[in-house]
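Worksheet: one structure, shown below.
Keep in mind it's a predicted model, so treat the numbers as computed, not measured.
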Amino acid sequence: MLKPSLLKSSFLTATLLRVRIVIPVPRLSALLFLALLASPLMAFGQDFTMTVTQPNPPAVDQGQDSRAYIDLGSVNGFSGTVSLSCAVTPVVMDGPVCTPPATGTPPQQLAMSITVGSTTPAGFYTLTVNGTGPAPSTPKTTTISLSVLAVTSAYTLAVTTSIVPTSVHAGFPAVATVTVSAIGSYQGTVTLSCSTITPLATPAPSCSFSPPAVTIPTDNAQSTLTITTTGNTAPPPPSSAGLLVGPNGINGPSPHRPALNSTWLAFSALGMLAIVLGTTGRRRRKLCGLSLLFLTVASLLLMPACTPPNNSNTGQNGSTPKNTYVFTLTGADVNGVAPGNEATPPTVSLIVD
């Protein structure tokens, strides 16, 4: 005798076997066909865009680099990886080199370096940037241009260490450091000098360089500039008798001993006074007048001898006058080539106080 549970299970099985599939075969085939086309239809129309900016700067000197930017955009949801490359024409030895990133994913902006060597031939170059993405996207190509300018080999001067000290008393020096730098592939020996010193003065300060010439290229093409000023000239020592002793012997009374110069005047005055006191009447009056005239003339003659010497530092006694002096620096190589910055040469200022 069968159990009730087994009877129920047999009944459900027989019921399911009698169920018919009612979905029409043509409609099922259409659904399957659409499912197969879904993936290609979704990818159809997806692509990327690529634009490249002109180099900045568009014209460079030899040895100066530039840069451009690549902008990648997405069309219809494109999200694939784009491979990038760049080529330069014409192809020359030591020509420019453009280097974009290897890949990019839209939307994205990428920087592309453009390298120009110091020996790159001057001229006009075309840079071709290529971008390639997965199917169904199409490859992209964009061209930009770059000009390389010729640089005349030369050199420049610069004051790399300011003058120390900036203010001196007459007779003291000041120093600064001057550096010679090559432009392009310049090589040579440059002799340094001061082209002008303003304002004019007597005696004027002078400049000198150590070493006086530098050779390029070197690791340290520098020279020390020294500004020299002139101090007071000391007077010759007087003799014990108050006389100046020079190269030709005794030159006469010393201007720095005015007391001895006027001694004779005192004795002369006493003699004149004795004569006046020893006379009477009209003769005394005449002698008094002559005495006063003599003393007046003698006093005027001795005034310069009694004036103390001027020891101020304003160009007196052979010293450099007080002023602010400007030194313009220049140079010349063995071929007479002047610095490349000759139009705006470096200068050094020194105050003499």
Side-chain angles (χ1 to χ4, degrees), residues 57 59-67 93-97 113-123 146-168 170-201 203-230 320 323-352:
V60 297
D61 294 332
Q62 293 167 319
Q64 179 184 359
D65 295 338
S66 186
R67 175 172 292 192
M93 183 176 294
D94 299 328
V97 177
S113 63
I114 303 171
T115 304
V116 178
S118 60
T119 57
T120 296
L146 176 73
S147 295
V148 177
L149 308 177
V151 177
T152 302
S153 296
Y155 62 92
T156 59
L157 301 183
V159 179
T160 50
T161 302
S162 300
I163 193 164
V164 178
T166 58
S167 177
V168 298
F172 290 87
V175 296
T177 302
V178 179
T179 300
V180 183
S181 302
I183 299 177
S185 57
Y186 176 85
Q187 295 182 2
T189 299
V190 179
T191 301
L192 303 172
S193 63
C194 290
S195 59
T196 60
I197 303 175
T198 57
L200 297 177
S206 61
C207 69
S208 60
F209 295 86
S210 179
V214 297
T215 300
I216 302 173
T218 63
D219 294 333
N220 187 24
Q222 294 183 337
S223 180
T224 300
L225 166 65
T226 301
I227 305 297
T228 304
T229 61
T230 304
T320 299
N323 215 325
T324 299
Y325 296 91
V326 179
F327 302 80
T328 302
L329 311 184
T330 188
D333 64 6
V334 293
N335 297 317
V337 177
N341 57 339
E342 185 75 2
T344 55
T347 60
V348 172
S349 297
L350 178 65
I351 300 173
V352 178

Does anything in residues 337-350 pair up under side chain to side chain donor-acceptor pair (under 3.5 Å), and if so which pairs, sequence neighbours excluded?
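Output for this query lists Thr330-Glu342.
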
Side-chain donor-acceptor pair present, Tyr155, Asp333, cut-off under 3.5 Å:
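Side-chain D/A pair, Tyr155 to Asp333: absent.
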
When you compare the side chains of Gln62 and Thr120, does any donor N or O come within less than 3.5 Å of an acceptor on the partner?
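Thr120 and Gln62 do not have a side-chain donor-acceptor pair below 3.5 Å.
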
Just how far is it from atom [atom1] of [X] to atom [atom2] of [Y], taken to the nearest 0.5 Å?
| X | Y | atom1 | atom2 | result |
| --- | --- | --- | --- | --- |
| Asp61 | Leu149 | CG | CG | 5.5 Å |
| Ser206 | Ile197 | OG | CD1 | 7.0 Å |
| Gln222 | Ser181 | CD | OG | 9.0 Å |
| Arg67 | Thr115 | CZ | OG1 | 10.0 Å |
| Ser208 | Leu225 | OG | CG | 7.0 Å |
| Ile227 | Thr320 | CD1 | OG1 | 11.0 Å |

Closest non-hydrogen atom pair, [X] against [Y]:
| X | Y | answer |
| --- | --- | --- |
| Ala201 | Tyr325 | CB-OH, 3.6 Å |
| Val168 | Ala174 | CG1-CB, 4.4 Å |
| Pro57 | Ser66 | O-OG, 2.8 Å |
| Tyr186 | Ala154 | CB-O, 3.0 Å |
| Phe209 | Cys194 | CE1-N, 4.0 Å |
| Val190 | Gly331 | CG1-CA, 4.2 Å |

Assess whether side-chain contact (heavy atoms from CB on, under 4.5 Å) is satisfied between Val352 and Asn323, documenting all intermediate values.
CA-CA 5 Å; Val352 178; Asn323 215 325; 5.9 Å; no

Take Thr198 and Thr328, measure what side-chain contact (heavy atoms from CB on, under 4.5 Å) needs, and give me the verdict at the end.
CA-CA 9 Å; Thr198 57; Thr328 302; over 6 Å; no

Under 3.5 Å, side chain of [X] to main-chain N/O of [Y], donor-acceptor pair present?
| X | Y | answer |
| --- | --- | --- |
| Thr229 | Phe172 | yes |
| Ser195 | Leu329 | no |
| Ser223 | Pro211 | yes |
| Thr226 | Val175 | no |

Would you call Pro346 and Val178 a side-chain contact if the rule is heavy atoms closer than 4.5 Å?
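No, every pair of side-chain atoms sits at 4.5 Å or beyond.
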
Give the intermediate values and the outcome of side-chain contact (heavy atoms from CB on, under 4.5 Å) for residues Val60 and Asp65.
CA-CA 7 Å; Val60 297; Asp65 295 338; over 6 Å; no

